[in-house]
Structures are given as structure tokens and as C-alpha cells.
Amino acid sequence: MSVYDSLTRSVRPLAPRRPGELSVYCCGPTTYDVAHVGHARSAVAFDLFVRVARSHGLRVQFVRNVTDVDDKILARAKESGEEPPALAARMAELYAEDMRALGCADPDVEPRVSQHIAQIHSLVTRLVASDSAYVVPGPAGTGGDVYFRVRAFAGYGKLSGRKLEELQAGARVEVDERKQDPLDFALWKGCAAAEWGWDSPWGRGRPGWHIECSAMSEAILGHGFDIHAGGMDLIFPHHENEIAQSEAAFPARAPFARTWMHNGFVNVDKEKMSKSLGNFVTLRDVLARNDGQALRLYLLSHHYRGPVSFDVDKLDDGRVVFPGIDEAERKIEYLYTTLARLDAMTVALTAGELPKEYAAALERVKAAHARALAALADDLGAAAAIAATYEIAGQLNEAMDLHQKRKADRGHLARVIGAGTLALREITAVLGLLTVPFARWARETRERRCRIRGLDPAAIEAEIQARADARAEKDFARGDAIRAALAAQGVELLDGPSGTTFRVAV
RNA sequence: GGCGCGGUAGCCAAGUGGUUAGGCAACGGUUUGCAAAACCGUCACACGUCGGUUCGAAUCCGAUCCGCGCCUCCA
């Protein structure tokens, strides 16, 4: 498989440092608030990457950190009166819940900054000793700061494609008297003795923003690990600074990371969804209304490096809906319905020559299967894989339709159905879709939709019984009136051979 | 100002030198007591604009118009 590398700006074959193994470090959340759709995009993109890599037989060690020490956490905790570590732990738990709801596997290792202060001290000390960083003493009673000397690292700017002169020409860098150069950035920030922090060789303080990822990735994966991943907004300055720190500290062990992967943004009204613009939608909001798998499918329907727009509609009654996610949820329902139909039927294969019509169908299924796997292997072409998935599902449903109609051809059709089932299950597994068992999905979906629409399932069942009674008396007009009344509430009645069931519309 | 990304049929969205992407909506069918689901067909010989290269360009090159991002906390 191959992936796009931000450092070389090209799609390159994956070449792990140790054959058969893949070490991945992904920048996780700063836990001062609940996650929004932008966080979901990053998590889903790299969960997909890990799934595809594993499907290629690689033993992946997936590390995603939690930044649980940060000024924003402190500020938010002060507002609410909560202790900063308690707030950070609470938000980390909510983040993990949200990501699981999106079908993301838990990371193999989830390091916390608060558990790696010693490693941070050691790295900063090393940088100071080699003159890559300098200490600025703080006021009385306050710890000192440590800054990284950007000009001491020759490769600065290689990831983001920036030159030092251009950065200065930008002239939007905050002027800080204590820095020797405006571009220097903090490795350690001093604080007052009473404030949230840790003692250090430079006095009381907290880590700077970028140092934690350098320290934790080194601690867990060592230098020269395979993949460093995160959102595109982290390229500069975060990842650029990580490279500078790590490679300045251990020049002999460069590169810090072999390949850099970055996901694109989620846009609302063509603008980036972000905290600062205030245009974000939290995952709590989305998951209250929609299936997490629907959001996952929606995100995967767009290439991970391009932009994704996230539409929000306000209905007349004030309710907020997400039309794109509703549509994706119907597609999830289609795929589940197809699988449920498969599970309910028994097929028996026949050997021998396949008639031309069925041979062609089998060929289409196999071609779509191969296309999906090839697309995923080529820089995570999930959208193309999903398109192939619909083709397979369509072929499967057609074959199942014919299986009911053409009894004599059942053995032939069983071969198409068998190949399609295998393909559908394999591709959706790699995509991380349909990971929830059908029965549980059906139950949870019905409960959620009833709750949203304010419906009582028991009352619906009573109406269904009333309609059955009417139909038994050949009073079709009354039966149809009941159907129409329920339909107006978003309840569709499904008449099947074993009675009537219902589904609630998205 | 510097660096970068994108403009594909009514809508969403892949692809990226020659052969059907896919979905949604709409419409017409098959099926159904009526429906739903499922399936078939149509919309679809689409690729911002103008030039150029080529036997052939949505795809490569140049110019240009729009939109967006990063350069400051950010996934």
C-alpha cells in the first residue's frame, strides 16, 4: 500500500523500518472540551489507515496521545471551579466514547502528558545542554522558561515548506521580550508555585505545547518511527517544531518520523470548522440525532486529504438536523438491510458451468471487490471503495431477488451471492463499517429514532394490531387510514410473510 | 505579501492522458390488496474560463476568474 507523505509531498509506498511492523503516532485531543466533527475526521481517517495496514498483514502499533496538560485546560477549569486534572480526565473519557461510537478502534497505547513529565524534563535538559535551547529565569517565586532556538536547527521549515525569512516577513509572530528570536518557541513555561504545574530543573512550570509529542513518541516508539499523523493545521507550527526538537536533540537518529500524514478540514459554510470561529458541531450533538456509523460513512465518502463540508439545517420548529448525515444513515440502513436479508436466507451452491448472465454478475462482484481493495491501498481511497460497496450490495440484492423468483437457478445464484457476501463483509470490515451487530444496531436505531420523534413503540404496535384486525375484516379503507396516520409520523409499516413490522424514518 | 488546496451533470462526490465511478433527488417501470423494501431504466457522451501540447485532455502545460486554508490556539 502507499500513502501521501507531507514531507516529500508525494504518494510513496509504505516502507516500514522493520518489515511486517508499523509504528504509528497520531496527535490526539487536548482535553479541555468535548470533541467536534473536526476531531472525528482525524480519528476516522487514521483509524481507516490502521485498518487498511492491518488488512495488509502489518502488525501495527497505534499510539494516540491525550494532551491533558495545557493552558486551555487550566483556563476552562478555572471557569468551572473543577480541578484541571479532573476536567482533563473527564473530557478524555468522553472523547474515547465518541470515537468508539464512530467505529474507531482504541489506540494500542494512549499516553498522557501528565505521565511523561520526567521524559519531557530529560529532553529539554538535553536541548539546553546542546545549546539548542536556552533558559530565561522567571520573576521571583515563579519558575523559569525554556525556549527552543529555532535558528540552531538547520532543517527548520522542511515539513511546512516555510523559510525563516518568510515567517518573519509575515510579521504576525507575537513579540515576546524574553525570546532571543521571535520565532523561538517554549519548551517549558514557568508558573507560580501555587499554580497547576510540576517542579523542574528550571523551577515550577508546565510543558510547552509541542514538546509532549516529541517526548512521548520517543518514549514509546523511539526515533525513526514509521508514521506521524494529525490534522493539516498541525503541520505548522506543531509538527515543524516537533521535528526541530527531536532532531536537534538526537541528530544522529534523524529522521524523527519517516512519513507524515495529514487529514483535511471539515468546513461549515465553506469555512473551517474550529473553536475560534465558533462554528463547530460537537459529536455529542451529532450522536444524539444520528448513528455514529453514519457520520463515519459520510466522512469516508470524501478523500481524507480534501475538504469535507458539514451541513447544518435549522427546521422551522427549531430542531437542528444534519442532512448529509441523515442521507448517510439511510445508506447504512441499506447495507444492514442487505446483510440481514442474506442472513435470513439459505443458499446451496451448485458446481459446474455458470450461465452467461450469472457469470457476468459474478464477474462484476469480483471486479468491484478488487477495485475497492486497490483503491484503499492507494492512499486510502475510501470513497471509491464505498462506491464499489454499493455496486456489490446492488448485485447481491438483485441476485437475492432472482433467487426468490427463479427456483431452477438457485444453485447458480448462490455462487454470486456467496462471492458478494464475502466481498461486502471484507470491505466493510476494512472500512470499519457495520461493526455493530445487526440486532443491536436495529434496536438502538429504533429507540433513537422513536425518541427523536417522540414516538412510543408500544402505541405503534397497538395501531398495527388495530390495522391487522381491520384487514382481517376486509376493511382496507380503515387499514390504509391507520397506515397513512402512522406514515405522517414517520412510521412505515412493512407487510411481510410473517406479519407486519415497522421502521421509523431518519 | 509568502506557501498551499479546490472548482466534475439538479445536489453530494471519486477518478486523473483513450474503455460504465458511486450515491441522493426527480421521473418511468417490475413487485405489492394498498404500501414499504429490493431491483431495472432515464436524467449522464459532466469536468470554472481562455489558449497550448497530443492521433486523442476532465486528466499534461500556460494564463485567467472564483472559493478556501496555513503563516496566530486549532483535528
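Here is how names work: the chains are called A, B, and so on, in the same order as the sequence lines, proteins then strands, and each is numbered from 1. Just the heavy atoms: all of them, side chains too, but no hydrogens, waters or symmetry mates, feed the values below.
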Determine the interatomic distance between [atom1] on [N] and the same-named atom on [M]; round to the nearest Å.
| N | M | atom1 | answer |
| --- | --- | --- | --- |
| B:G56 | B:G22 | P | 29 Å |
| B:G18 | B:C60 | C1' | 14 Å |
| B:C43 | B:G10 | C1' | 9 Å |
| B:G2 | B:C55 | C1' | 42 Å |

Checking base pairs now: Watson-Crick or wobble, both atom distances under 3.5 Å. What partners [N]?
| N | value |
| --- | --- |
| B:G6 | B:C66 |
| B:A25 | none |
| B:G17 | none |

Does the base of [N] carry an N or O that pairs as donor and acceptor with the side chain of [X] under 3.5 Å?
| X | N | result |
| --- | --- | --- |
| A:D233 | B:C73 | no |
| A:R330 | B:C24 | no |
| A:R483 | B:A35 | yes |
| A:R364 | B:G22 | no |

Where each residue is assigned the nucleotide of RNA chain B containing its nearest heavy atom, which of A:R305 and A:G394 is assigned the position nearer the 5′ end?
A:R305
If you find the nucleotide of RNA chain B closest to A:H303 and the one closest to A:I386, which residue's nucleotide is nearer the 5' end?
A:H303
Can you tell me if the side-chain N/O atoms of A:N263 get under 4.0 Å from OP1 or OP2 in B:A75?
no
Roughly how far apart are A:H369 NE2 and A:Q395 CD, rounded to 0.5 Å?
14.5 Å
What class does the angle between the rings of A:F46 and A:Y304 fall in, given that below 30° is parallel, 30 to 60° is tilted and above 60° is perpendicular?
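Perpendicular: the ring planes of A:F46 and A:Y304 meet at over 60°.
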Name the nucleic acid region contacted by A:G38, choosing base, sugar-phosphate or nothing; use a 4.0 angstrom heavy-atom cut-off, strictly under.
base
Can you name the nearest heavy-atom pair linking A:F322 to A:V320, along with the distance?
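Looking at all heavy atoms of both residues, the shortest contact is CE2-CG1, 3.9 Å.
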In plain terms, say whether A:K331 and A:D291 are close enough for a salt bridge, that is, a side-chain N and a carboxylate O under 4.0 Å apart.
no
Just by distance, do the side chain of A:N65 and the backbone of A:R112 share a donor-acceptor pair under 3.5 Å?
no
